[in-house]
Amino acid sequence: MATPDEMVAVLKAKFSSISFDPKPLLMRGEEAGDQIYIRVEPENLVEVMHFLRDDPGTRFEQLIDVTCVDYLNFPEAEDRYGVVYSLLSITHNHRIWVKCFVNDPSPKLPSVIGVWKGADWMEREVFDMFGVVFEGHPDLRRILTWDGFEAHPLRKDYPLRGKGERENYEVVTRDSA
Amino acid sequence: MEKHTYDPHDMSSEDLLTTRLDNLVSFFRKNSVNWARKHSLWPLPFATACCGIELMATASSRYDLARFGAEVMRFSPRQSDLLICAGRVAIKMMPVLQRIYKQITEPKWVISMGACASTGGVFDTYAVVQGVDQFLPVDVYVPGCPPRPETLIEGVMAIQRQVDRDGLKTSQERGKGLGIVAEPTYQVNVEAVADRETE
């Protein structure tokens with residue numbers, strides 16, 4: 001069973017572009033315990049994910065969650081959207097957080113649906129709420145908001161009460177029903 | 001025979017003998033069909049949030065909506081005539097609710113239960129309908145967050161008053177007959193109607 005330090009060493013040897021110092025955006029305190037946060041460039045994402053799933057030292061069989069953070073109002077942030085992948089290794093009882101940063105005007109990431117099938121709805125949700133496009137996703141439709149909704153409501157520049165989308169609906173009256 | 005109108009409540013036995021059949025039918029329609037209908041409302045619970053829990057409490061034994069004849073919760077709009085919209089409605093849900101409303105057969109009534117269904121409540125966001133009455137005809141609004149079962153029962157009783165007042169329109173108002181044919185097959189032995197309590 002690999003310790004977190006061994007896992008970091010393996011990753012460092014294999015991928016030179018991975019950053020293991022994702023502060024200040026990822027942690028509240030100084031100590032992260034034995035939790036591993038790595039930052040991956042979008043072009044290496046699928047390759048790194050395949051390695052994390054298949055390597056005997058890591059074995060992250062399960063994709064727990066895909067979510068996203070909008071760093072619009074963070075003065076220290078260099079990039080706007082941080083897409084977070086939470087992975088779990090059932091074999092080693094380890095977790096890892098993989099983060100990818102993308103930017104306007106067309107935030108794009110390669111889809112990891114070829115690595116984990118379960119990424120399907122998670123990536124659809126991130127697309128729906130933040131507008132991050134996952135290239136290679138077979139069915140990238142909205143999943144929470146309705147068809148015809150234009151905006152991406154969890155972006156920080158979207159007003160809470162919307163932009164009038166809920167006013168344009170059919171009205172059923174006593175005569176029409 | 002001269003056509004005349006009169007109040008059926010003032011009938012004497014002599015009057016009743018000369019009553020035309022259609023007047024008798026409308027008498028029963030007004031005084032018995034609406035009475036029967038208001039005590040046999042079949043609600044359709046459209047429960048999307050915590051108001052649905054109070055709705056269940058209202059229907060269960062402590063508050064016992066069956067006392068008012070509305071205990072038969074039907075989950076098919078084809079079988080119900082009272083839509084109880086309990087809880088917040090997302091905009092994505094609104095076409096479903098509208099379709100359910102259209103599928104309920106006439107006559108039908110709608111209760112908007114609670115603050116969220118009536119006004120959107122605290123959920124003033126891009127995805128929540130700010131009052132189902134913007135998109136549906138609502139008969140009775142029940143206040144509360146969520147309303148107590150007594151409040152919902154008062155709402156059902158308000159529907160009952162509406163049903164009693166104008167629940168079933170006469171065939172003249174509807175423009176076509178109800179299809180009710182009443183032909184006596186035997187000689188009716190008519191007796192005087194006792195004094196009826198007028199409303």
Side-chain angles (χ1 to χ4, degrees), chain A residues 65-73 80-81 83 104-105 107 120-134 137 139-177, chain B residues 44 46 48 77-78 80-83 85 88-112 116-140 159 162-163 166-169 173-175:
Chain A
D65 198 7
V66 179
T67 182
C68 184
V69 185
D70 186 354
Y71 288 111
L72 178 67
N73 298 322
R80 171 133 188 215
Y81 305 107
V83 181
D104 279 337
D120 187 350
W121 284 12
M122 302 171 184
E123 288 182 346
R124 278 177 65 186
E125 183 183 354
V126 171
F127 165 71
D128 190 0
M129 291 289 129
F130 291 93
V132 177
V133 174
F134 290 90
H137 192 290
D139 185 27
L140 196 64
R141 287 178 293 130
R142 292 182 174 275
I143 189 171
L144 292 176
T145 57
W146 58 98
D147 296 336
F149 190 67
E150 299 285 336
H152 300 288
L154 282 194
R155 288 186 177 182
K156 291 299 177 195
D157 52 359
Y158 184 80
L160 175 65
R161 293 178 176 176
K163 295 178 176 173
E165 291 92 349
R166 56 189 181 187
E167 272 81 39
N168 309 322
Y169 245 72
E170 180 200 5
V171 178
V172 174
T173 63
R174 289 184 203 277
D175 295 332
S176 70
Chain B
L44 169 71
F46 191 83
T48 47
R78 308 287 188 198
S80 47
D81 49 12
L82 171 62
L83 173 63
C85 183
R88 71 193 89 90
V89 179
I91 293 187
K92 201 174 178 181
M93 198 58 154
M94 202 61 218
V96 180
L97 182 57
Q98 286 176 333
R99 187 159 182 172
I100 286 174
Y101 178 77
K102 287 178 182 174
Q103 284 176 340
I104 300 176
T105 49
E106 291 280 358
K108 54 190 170 186
W109 298 271
V110 178
I111 287 180
S112 170
C116 299
S118 303
T119 66
V122 297
F123 301 100
D124 191 5
T125 72
Y126 58 93
V128 180
V129 170
Q130 300 299 296
V132 292
D133 58 345
Q134 293 183 4
F135 304 99
L136 274 185
V138 172
D139 293 294
V140 168
I159 291 284
Q162 289 188 15
V163 173
D166 52 13
L168 192 60
K169 293 174 181 170
E173 285 170 315
R174 289 158 68 107

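We use all heavy atoms of the structure for the numbers below, so side chains are in, but hydrogens, waters and symmetry mates are not. Naming: A, B, ... by sequence-line order, numbering from 1 per chain.
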Could you grab the distance from atom CG of A:L160 to atom CG of B:D124, nearest 0.5 Å is fine? 7.0 Å

Rounded to the nearest 0.5 angstrom, the NZ-CZ distance for B:K92 and A:R142 is 10.0 Å

Which region of B:V110, side chain (C-beta onward) or backbone (N, CA, C, O), has a non-hydrogen atom less than 4.5 Å from a non-hydrogen atom of chain A, or is it both or neither? neither

Is the count of non-hydrogen atoms from other residues, nucleotides or ligands lying under 6.0 Å from A:D147 atom CG greater than 12? no

Looking only at heavy atoms, what is the nearest atom pair of B:Y126 and A:P153, with distance? CZ-CB, 3.2 Å

